**Q** 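There's a structure below that I have some questions on.
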Amino acid sequence: MTVRVRFAPSPTGHLHVGGARTAIFNWLFAKHRGGTFIVRVEDTDQARSTRESEEMVLDDLRWLGLDWSEGPDVGGPHAPYRQSERVEVYSAAAQQLLASGTAYRCFCTEELLEAKRKQAEAEGRPPHYDGTCFRLSPQEISARLNMWMPFALRFHVPEDGDVTIDDMIRGEVTWRKESLGDFILVRSDGLPTYNFSVVVDDHDMEITHVIRAEEHLTNTHRQVLIYRALGWDVPQFAHVSLILGQDRSKLSKRHGATSVSQYAEQGYLPDAMVNYLALLGWSTPDGREVFDREYAIGHFSLDRVNPAPAVFDPQKLDWLNGQYIHAMSAAELRPLVARFFDAPWLEEGIDVVKTSVHRLTEFREQLRFVTDYTPPRPSPPAPLPAAREEGGQRPGEGPSIDRPFAIALLHELRTNGTPTDAEGVKAMNERLKIATGLKGKALFMPLRLALTGLDHGPELVRAIPLLRHASELDPAVLSPLRRAEACIA
RNA sequence: GGCGCAUUCGUCUAGGGGUCCAGGACGCCGCCCUCUCACGGCGGUAACACGGGUUCGAAUCCCGUAUGCGCUACCA
């Protein structure tokens, strides 16, 4: 039997990282087993679902690089893949349950149910449906039907409600016949509830493995009862734990970015995102943590998925994203970076600074020494020792520069020109060493300061040629020569 | 309240009775590389929630407690 799995998002906003990880696990599982990955939209909650959200979620999945062979956008043998368009399928199943007596019409209003719930809770009883409508006689039912009273369809939980599943992540989970009240299958507006539609769809779409979030674990109890009442085979279940924020509560907006589109905007790469999310709960058999999709597909298994919830760690994501960026060539990176920041000299710029970048958006800041330049102030005469605070800068440090050094540099650039490569920079350094009598840090720091205006940045043998090339390609970039002049003015 | 799930370094995790005074990764700290900042290399810090069992032996099995989370909706 070939594996068929599905990811079933509710279209109520962008795809969240938790959903993304569930989708990734489903996708990896399907690919690993040579099965089929399906996307199904669960939009029976009309108040919250929108078509725009559906598009966003699908776009987010595409951005992650996941592909599905059946879904609302591509169709498939079990179309439609949008629950709001599948009402006939549900009513057929509902009729079957109604006919067999497992389901019954409930005429209770929401207000009445709410009142009963409150009452039960106040008396310390479980807040379950009291079965009023289950006891209605056929006469009473037809009377209400004749009055056009709206009704919902309720599932009658059998006396022997014991259910055991063998969860692929958690092992055996058993629910004894316990506090489980008769629950709604079809709402009075005719749309099915989650527990009903999910069973009907998973059966209809021949889903073999249901891999979903842990929040659905206890719902499985109800769902298995429905499977049994309908005489259907129960699929394999695998419940993946939740993703938590730093404070160990369920990840939400106040923890910062939670949707994958936000991560895309912040300069994370899809490959890094998939890698990181896969690592949140799953571990590789050989312990490696940086891997591509082929590796993940080849080695994925639900046995290695941890049942405990995991805290989302932005620092590790940053590190991983950096690993991917560092491994890419400047040519590969350029079109991706150009989304955030562009310049004619961008590719060389990327090549020079990429080791200090963890997110694509950081290139802009790392290359600011090219686009922006403020000449360092001249060295102050003799700082007053009394004015120094503990831990303050000592004389001679800080973003300032000696006038004689600036003059020597300007002379060097005018006489020999600005180096165009690392060899040229080294030659220039040798000449400056002789001209100024400085060497090592005493030479390089003032040089860096004079040409970049900053006391840190990429190595000068790379930075100086970049500045020259950039100024030749881009009139907005001040050349090294002009910078040296500015130091003296 | 009831039911269910979970609990190894700050974080992600390896571990499925002895090879574990617990291994890897991120972070943090130190050293090296080095003009600076990164990158990279090397080293260090740091954990089996608690209490009972079972066993010659438990991080690993069982029970309880605590804590966290989920469900208990005409949300999914």
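Residue numbers begin at 1 in each chain, while the letters A, B, ... track the order of the sequences. Here the structure is a predicted model, which means the values were calculated and not measured.
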**Q** For A:Glu459, report the nucleic acid contact type (base, sugar-phosphate, nothing); a contact means any heavy atom under 4.0 Å.
**A**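 Result for A:Glu459 = base.
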**Q** Would you check, one step at a time, whether the test ring pair (Phe, Tyr, Trp, His ring centres under 6.0 Å) holds for A:Phe134 with A:Tyr104?
**A** CA-CA 6 Å; A:Phe134 179 65; A:Tyr104 59 93; 5.1 Å; yes
**Q** Kindly point out which of B:rG70, B:rA38, B:rA6 is positioned nearest to the side chain of A:Pro307?
**A**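 Nearest to the side-chain atoms of A:Pro307, counting from C-beta on, is B:rA6.
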**Q** Remember a base hit wins even if backbone is also touched, and classify A:Thr355 as base, sugar-phosphate or nothing at under 4.0 Å, heavy atoms.
**A**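 If one applies the 4.0 Å heavy-atom cut-off, A:Thr355 turns out to touch a base.
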**Q** Given atom CZ of A:Arg288 and atom C1' of B:rG23, what is their separation to the nearest angstrom?
**A**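 Atom CZ in A:Arg288 sits about 18 Å away from atom C1' in B:rG23.
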**Q** Partner of B:rG30 by Watson-Crick or G-U wobble geometry, both contacts under 3.5 Å, or none?
**A**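 Here B:rG30 is engaged in a pair, and the nucleotide opposite it is B:rC42.
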**Q** Identify whether any heavy atom of A:Gly457 sits under 4.0 Å from a base atom; if not, whether one sits that close to sugar-phosphate; answer base, sugar-phosphate or nothing.
**A**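 Contact class for A:Gly457: base.
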**Q** Figure out the NE2/P separation between A:His456 and B:rC39, and round it to whole Å.
**A**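 Taking atom P of B:rC39 as the reference, NE2 of A:His456 is at 14 Å.
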**Q** Under a 3.5 Å cutoff, is there a donor and acceptor pairing between the side chains of A:Asn275 and A:Tyr324?
**A**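 Yes, because at least one side-chain N or O of A:Asn275 sits under 3.5 Å from a partner of the opposite role on A:Tyr324.
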**Q** Rounded to whole angstrom, note down the C1' distance from B:rU13 over to B:rA59.
**A**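 Going atom to atom, C1' in each nucleotide, I get 14 Å.
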**Q** Determine the Euclidean distance between corresponding P atoms of B:rA47 and B:rU11; express it in Å to zero decimal places.
**A**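 The same atom, P, in both gives a distance of 12 Å.
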**Q** Does OP1 or OP2 of B:rA76 have a side-chain N or O of A:Thr44 closer than 4.0 Å?
**A**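 Checking A:Thr44 against B:rA76: at least one side-chain N or O falls below 4.0 Å of OP1 or OP2.
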**Q** Touch check for A:Arg170, heavy atoms < 4.0 angstrom, all strands: base, sugar-phosphate only, or nothing?
**A**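 Sugar-phosphate, no base atom in range.
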**Q** Nearest to the side chain of A:Trp319, which nucleotide is it out of B:rC74, B:rA25, B:rU36?
**A**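 Ranking B:rC74, B:rA25, B:rU36 by closest atom to the A:Trp319 side chain puts B:rA25 first.
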**Q** Is any side-chain heavy atom of A:Val260 less than 4.5 Å from a side-chain heavy atom of A:His14?
**A**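 No; the side chains remain at least 4.5 Å from each other.
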**Q** Is A:Glu365 close to A:Val357 at the side-chain level, that is, under 4.5 Å between some pair of heavy atoms?
**A**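 Heavy-atom side-chain distance check fails, nothing below 4.5 Å.
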**Q** For residues A:Phe300 and A:Trp282, establish whether the separation of their ring centroids is below 6.0 Å.
**A**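 That pair passes the under 6.0 Å test.
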**Q** Can you tell me the base-pairing partner of B:rC69? Count Watson-Crick or G-U wobble geometry only, both distances below 3.5 Å, and say none if there is no partner.
**A**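 Paired with B:rC69, as far as the under-3.5 Å criterion goes, is B:rG4.
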**Q** Could a donor-acceptor pair under 3.5 angstrom be found where the side chain of A:Asn219 meets the base of B:rA76?
**A**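 Checked by distance alone, the answer is yes.
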**Q** Answer yes or no: does a side-chain N or O of A:Arg187 lie under 4.0 Å from OP1 or OP2 of B:rA76?
**A**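 Checking B:rA76 against A:Arg187, a side-chain N or O does come within under 4.0 Å of OP1 or OP2.
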**Q** Could you tell me whether A:His216 contacts a base, only the sugar-phosphate backbone, or nothing, with contacts defined as non-hydrogen atoms closer than 4.0 Å?
**A**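 Base contact.
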**Q** In residues 45-58 of chain A, which residues come under 4.0 Å of RNA chain B by heavy atom?
**A**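 The answer is A:Asp45, A:Arg48.
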**Q** Counting the atoms with a prime plus P, OP1 and OP2 as sugar-phosphate, which does A:Leu460 contact under 4.0 Å by heavy atoms, base, sugar-phosphate, or nothing?
**A**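 Contact class for A:Leu460: base.
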**Q** Show the nearest heavy-atom pair for residues A:Leu320 and A:Ala272, with the distance to one decimal.
**A**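 Scanning both residues completely, I find the closest heavy atoms to be CD1-O, 4.0 Å.
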**Q** If B:rG18 has a Watson-Crick or G-U wobble mate with both distances under 3.5 Å, name it; if not, just say none.
**A**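 With both distances under 3.5 Å, B:rG18 matches B:rC56.
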**Q** Base, sugar-phosphate, or nothing: which does A:Gln323 touch, judged by heavy atoms less than 4.0 Å apart?
**A**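 The residue A:Gln323 makes sugar-phosphate contact but no base contact.
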**Q** Ring centres under 6.0 Å, that's the criterion: do A:Phe196 and A:Phe183 meet it?
**A**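 Not under 6.0 Å, so no.
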**Q** In whole angstrom, what separates A:Tyr129's OH from B:rC71's C1'?
**A**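 Value for this atom pair: 21 Å.
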**Q** Please write out the pairs of protein N or O atoms and N or O atoms of nucleotides 10-17 of chain B separated by less than 3.5 Å, giving the distance to one decimal.
**A**
from	atom 1	to	atom 2	distance (Å)
B:rU11	OP1	A:Arg248	NH1	3.3
B:rC12	OP1	A:Val311	N	2.9
B:rC12	O2'	A:Leu279	O	3.2
B:rU13	OP1	A:Gly281	N	2.9
B:rA14	OP1	A:Ser283	OG	3.3
B:rA14	OP2	A:Asn306	ND2	3.4
B:rG15	OP1	A:Arg304	NH1	3.3

**Q** Tell me if a side-chain donor or acceptor on A:Asn321 pairs with a main-chain N or O of A:Leu269 at a distance below 3.5 Å.
**A**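 Indeed, once roles are kept as given, a pair shorter than 3.5 Å links the two residues.
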**Q** Could you please name the option among B:rA38, B:rC69, B:rC5 that lies closest to any side-chain atom of A:Ser356?
**A**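 Ranking B:rA38, B:rC69, B:rC5 by closest atom to the A:Ser356 side chain puts B:rA38 first.
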**Q** Distance check, C1' atoms only: B:rG30 and B:rG68, in whole angstrom units.
**A**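 Pairwise C1' distance, B:rG30 against B:rG68, rounds to 36 Å.
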**Q** Assign A:Cys108 to base, sugar-phosphate, or nothing according to its heavy-atom contacts below 4.0 angstrom with the strands shown.
**A**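 Counting heavy atoms under 4.0 Å across all strands, the contact made by A:Cys108 includes a base.
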**Q** When the C1' atoms of B:rG43 and B:rU54 are compared, how many Å lie between them, rounded to an integer?
**A**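 42 Å, rounded to whole Å.
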**Q** Could you check whether A:Ser10 gets within reach of a base, just the sugar-phosphate, or nothing at all, counting any heavy atom under 4.0 Å?
**A**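 Sugar-phosphate, no base atom in range.
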**Q** Return the set of residues passing ring-ring contact (aromatic ring centres under 6.0 Å, His included) with A:Tyr194 (not counting sequence neighbours), or none when no residue passes.
**A**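 By the ring-ring contact (aromatic ring centres under 6.0 Å, His included) rule, A:Tyr194 matches A:His216.
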**Q** Contact class for A:Arg222 vs. all strands (heavy atom < 4.0 Å): base, sugar-phosphate, or nothing?
**A**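 Since only primed, P, OP1 and OP2 atoms lie under 4.0 Å of A:Arg222, the category is sugar-phosphate.
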**Q** Between A:Phe183 and A:Lys354, who's closer to the 5' end of RNA chain B by nearest nucleotide?
**A**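 Taking each residue's closest nucleotide, the earlier one in sequence belongs to A:Lys354.
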**Q** A:Arg40 CZ to B:rA76 C1': how many Å, rounded?
**A**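 It is 12 Å, rounded to the nearest whole Å.
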**Q** Indicate yes or no for a side-chain donor-acceptor contact from A:Arg483 to the backbone of A:Leu451 under 3.5 Å, with no hydrogens or angles considered.
**A**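 Confirmed, A:Arg483 side chain pairs with A:Leu451 backbone.
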**Q** Is it the case that A:Asp247 and A:His255 place a side-chain donor and acceptor less than 3.5 Å from each other?
**A**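 Side chains of A:Asp247 and A:His255: pair found under 3.5 Å.
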**Q** Work out how far the P atom of B:rU60 is from that of B:rG18, and round it to whole angstrom.
**A**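 12 Å, rounded to whole Å.
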**Q** Regarding A:Pro458, tell me which of base, sugar-phosphate or nothing describes its non-hydrogen contacts under 4.0 Å with the strands shown.
**A**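 Touches a base.
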**Q** Just by distance, no angles: are the side chains of A:Ser283 and A:Arg304 close enough, under 3.5 Å, to form a donor-acceptor pair?
**A**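 Yes, a side-chain donor-acceptor pair sits under 3.5 Å.
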**Q** So does A:Arg448 get a side-chain nitrogen or oxygen closer than 4.0 Å to the phosphate oxygens (OP1/OP2) of B:rU34?
**A**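 For A:Arg448, the contact criterion (side-chain N or O under 4.0 Å from OP1 or OP2 of B:rU34) is not met.
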**Q** Could you tell me whether the side chains of A:Arg51 and A:Ser84 share a donor-acceptor contact shorter than 3.5 Å?
**A**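 Distance-only check fails for A:Arg51 and A:Ser84.
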**Q** Using the P atom in both, what is the distance from B:rC50 to B:rU55, to the nearest Å?
**A**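 That atom pair is separated by 23 Å.
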**Q** In whole angstrom, what separates A:Glu172's CD from B:rC61's P?
**A**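 To the nearest whole Å, that distance equals 15 Å.
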**Q** Could you state the CG-C1' distance from A:Asp189 to B:rC75, rounded to the nearest angstrom?
**A**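 Whole-Å distance recorded here is 12 Å.
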**Q** When you compare B:rG44 with B:rC5, how far apart are their P atoms, in angstrom units rounded to a whole number?
**A**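 After rounding to an integer number of Å, I get 41 Å for this pair.
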**Q** What is the nucleic acid contact for A:Leu244, judged by heavy atoms within less than 4.0 Å: base, sugar-phosphate only, or nothing?
**A**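 The answer is nothing, as A:Leu244 stays clear of every strand by at least 4.0 Å.
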**Q** Tell me the interatomic distance from A:Leu320, atom CG, to B:rG27, atom C1', rounded to whole angstroms.
**A**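 The answer, rounded to whole Å, is 14 Å.
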**Q** Report the distance from atom NE2 of A:His221 to atom P of B:rG4, rounded to the nearest whole Å.
**A**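 Spelled out: NE2 on A:His221 to P on B:rG4 is 10 Å.
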**Q** If I pick the C1' atom on B:rU65 and the same atom on B:rA14, what distance separates them, to the nearest angstrom?
**A**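 Each nucleotide's C1' atom is 28 Å from the other's.
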